[in-house]
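One structure below.
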Number of protein chains: 2
Amino acid sequence: MSESIPAGAAPRYQQIAEALIRDIERSRYAVGALLPPEPALSQHYGVSRHTVREAIRRLADMGLVSRQQGIGTRVKAKSAAQRYVAGLSDLAELMQYTQRTTLKLIGERRLQADAALASLLRCRAGQPWIEFETCRYPAAGREPISHTRIYVLPEYEGIRDELKGSVWVYGLIEKRGGEKIVEVQQEIGGAAIPAHAARLLQVKPRSPGMMVTRYYLGRRERLLSVSVNYYPENRFKLSTRWRLEWDGAKA
Amino acid sequence: MSESIPAGAAPRYQQIAEALIRDIERSRYAVGALLPPEPALSQHYGVSRHTVREAIRRLADMGLVSRQQGIGTRVKAKSAAQRYVAGLSDLAELMQYTQRTTLKLIGERRLQADAALASLLRCRAGQPWIEFETCRYPAAGREPISHTRIYVLPEYEGIRDELKGSVWVYGLIEKRGGEKIVEVQQEIGGAAIPAHAARLLQVKPRSPGMMVTRYYLGRRERLLSVSVNYYPENRFKLSTRWRLEWDGAKA
DNA sequence: AAGTGGTCTAGACCACCGA
DNA sequence: CGGTGGTCTAGACCACTTA
């Protein structure tokens, strides 16, 4: 072959990828069905098998097809699902204290969840927890940014000794138990600051604020820790950037 | 070459990929530096250039290196950064009104940003906007969930006619202008509900609530729309799930 | 002009699957 | 067994960057 390609034209494999995508969208190749084998495509488009494979690789990256040795290339979806994603390189970004902050340990107690706490912590009543009460301060200022109750499994009791300073609880859990935090569920709502927290935060009871509850889960959905945070008005903002991304995370 | 590979051994390109990863981790190739050119690697490992490219492709998929035609392959990171990601298949999930809700248009006006508004909307003073004031209601109940001021570029004035019902503004923008929303920046903080919004939300002025500001951006960071939302306490919670994912999103 | 990565060919053998 | 995708070779020309 080796026909000269017009300048500015897309590479051959990309043209073929586009052709295949069109064929999938127009249901020439139905979802669940097999694409023609690579040698057939290679002959049909008059290119080498390598070029066809390059095209199919694009489709696979987009999640449109999946390949299986010995079987073939199966159509998995009619169109590349676009989605918006947000990413964190580190869990510390979740809290977004860009400036240095200090964690102050106010108190600690062992307890068993009563009905109310069990509901908040999504566990069964009677479940034993250790509760750390903390406030977080900016390095320079005096007013605390937040009041936080941290609940951890009793087996992580020892983290108390390392809790001082600007360390993050989940880091301590990962360091000690060796259990990795695989998922964090975060709930945010407006809330009046309860009297006890208000005192520590130096605001009036029932002042407006934000309540953030975070559930830290390990492998197999195991709940390792829960934190309940109160942020008074105007001291802290949570921000998140959602970006459109093509399935497969290609730049 | 074509030495027989021991059964069960990893493919050659994978072995080479692992060797390169080791070399990067051990700083034989520093972050920011260039990997040796493909022909050199091909000769060094005694494989074809294709095989080397397959290995480097793995590294690129993991975000360890980036390639640039005419320049070379540059090391971008020492290790495949694990990260936590959250995904939305649709922007509607950002708002998370699981039940059906209705948008009620309260008012509309054209305006030019004064200093305060310009700061909020991150634009220059004098920039013309159209402001829609809306409340969102659950289907059955009476109390509104939220009060929202939506700012859009004047060119999208026409979306007013479609704003009624439970439609989402960004959908209208995409439908009309053809401009795609590529990024959404979201800021959340606790806030007292201002008097005007409080009246519509049927709460007392300065009651605790949550303020959510969302910036909708198109291609090239172009700001298309901004929404300022107030949610009273206990009527709505934002929840997000962050999951650990390996860079490159390879299963 | 020289060197880089990007694309492409025409072969080959292999591991895996279903009949 | 024949056919699938997976790996690999030994070439080739091209587009792009730097000098």
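The chains referred to below are lettered A, B, ... by the order of the sequence lines, with proteins before strands, and numbering in each begins at 1. For the numbers below, each heavy atom of this structure counts, side chains included, while hydrogens, waters and symmetry mates do not.
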If each of B:H50 and B:P39 is mapped to the nucleotide of DNA chain C with the nearest heavy atom, which maps nearer the 5' terminus, i.e. the 5' end? B:P39
Give the nucleotide from the list C:dT4, D:dT9, D:dG5 with an atom nearest to the side chain of B:P37. C:dT4
Would you say a side-chain N or O of B:T51 is under 4.0 Å from OP1 or OP2 of D:dT7? no
On the 0 to 90° scale, with breaks at 30° and 60°, tag the B:H50-A:H50 ring pair as parallel, tilted or perpendicular. perpendicular
We want to know whether B:T213 and A:K237 form a side-chain donor-acceptor pair, criterion being a heavy-atom distance below 3.5 angstrom. no
Between A:Y151 and A:W129, what is the ring plane arrangement, given parallel below 30°, perpendicular above 60°, and tilted in between? perpendicular
Anything under 3.5 Å between a protein N or O and an N or O of nucleotides 16-18 of chain D, put it in a table, one pair a line.
from, atom 1, to, atom 2, distance (Å)
D:dC16, O4', B:Q69, OE1, 2.9

D:dT7 C1' sits how many Å from B:R53 CZ, rounded? 16 Å
Whole-Å distance, A:R57 CZ to C:dT7 P, equals 11 Å
Hey, does the side chain of B:Q185 reach the backbone of B:Y216 with a donor-acceptor pair shorter than 3.5 angstrom? no
Counting only side-chain nitrogens and oxygens, does B:S48 get under 4.0 Å of the OP1 or OP2 atom of D:dG11? no
Between P of D:dG5 and CD of B:E54, the distance in whole Å: 16 Å
Take atom CD of A:E38 and atom C1' of C:dA10, then tell me their distance rounded to the nearest Å. 15 Å
At under 4.0 Å, does any side-chain N or O of B:T73 touch on OP1 or OP2 of C:dG5? yes
When you measure from the centre of the six-membered ring of B:Y13, is the NZ or CZ of B:R58 closer than 6.0 Å and no more than 45° off the axis? no
Distance in angstrom units between B:R12 CZ and D:dG6 P, rounded: 20 Å
Starting at atom CZ of B:R67, determine the distance to atom C1' of D:dA15, rounded to an integer number of angstrom. 15 Å
When only distance counts, do a donor and an acceptor, one from the side chain of A:R49 and one from the base of D:dG6, lie under 3.5 Å apart? yes
Would you check if there is a donor-acceptor pair between the side chains of B:N229 and B:S146 at a distance under 3.5 Å? no
Tell me whether A:E54 is salt-bridged to A:R12, with the criterion being a basic N under 4.0 Å from an acidic carboxylate O. no
Please state how far atom OH in A:Y45 lies from atom C1' in C:dT7, giving the value in whole angstrom units. 18 Å
Rounding to an integer number of Å, can you tell me how far B:R74 CZ sits from C:dT4 C1'? 12 Å
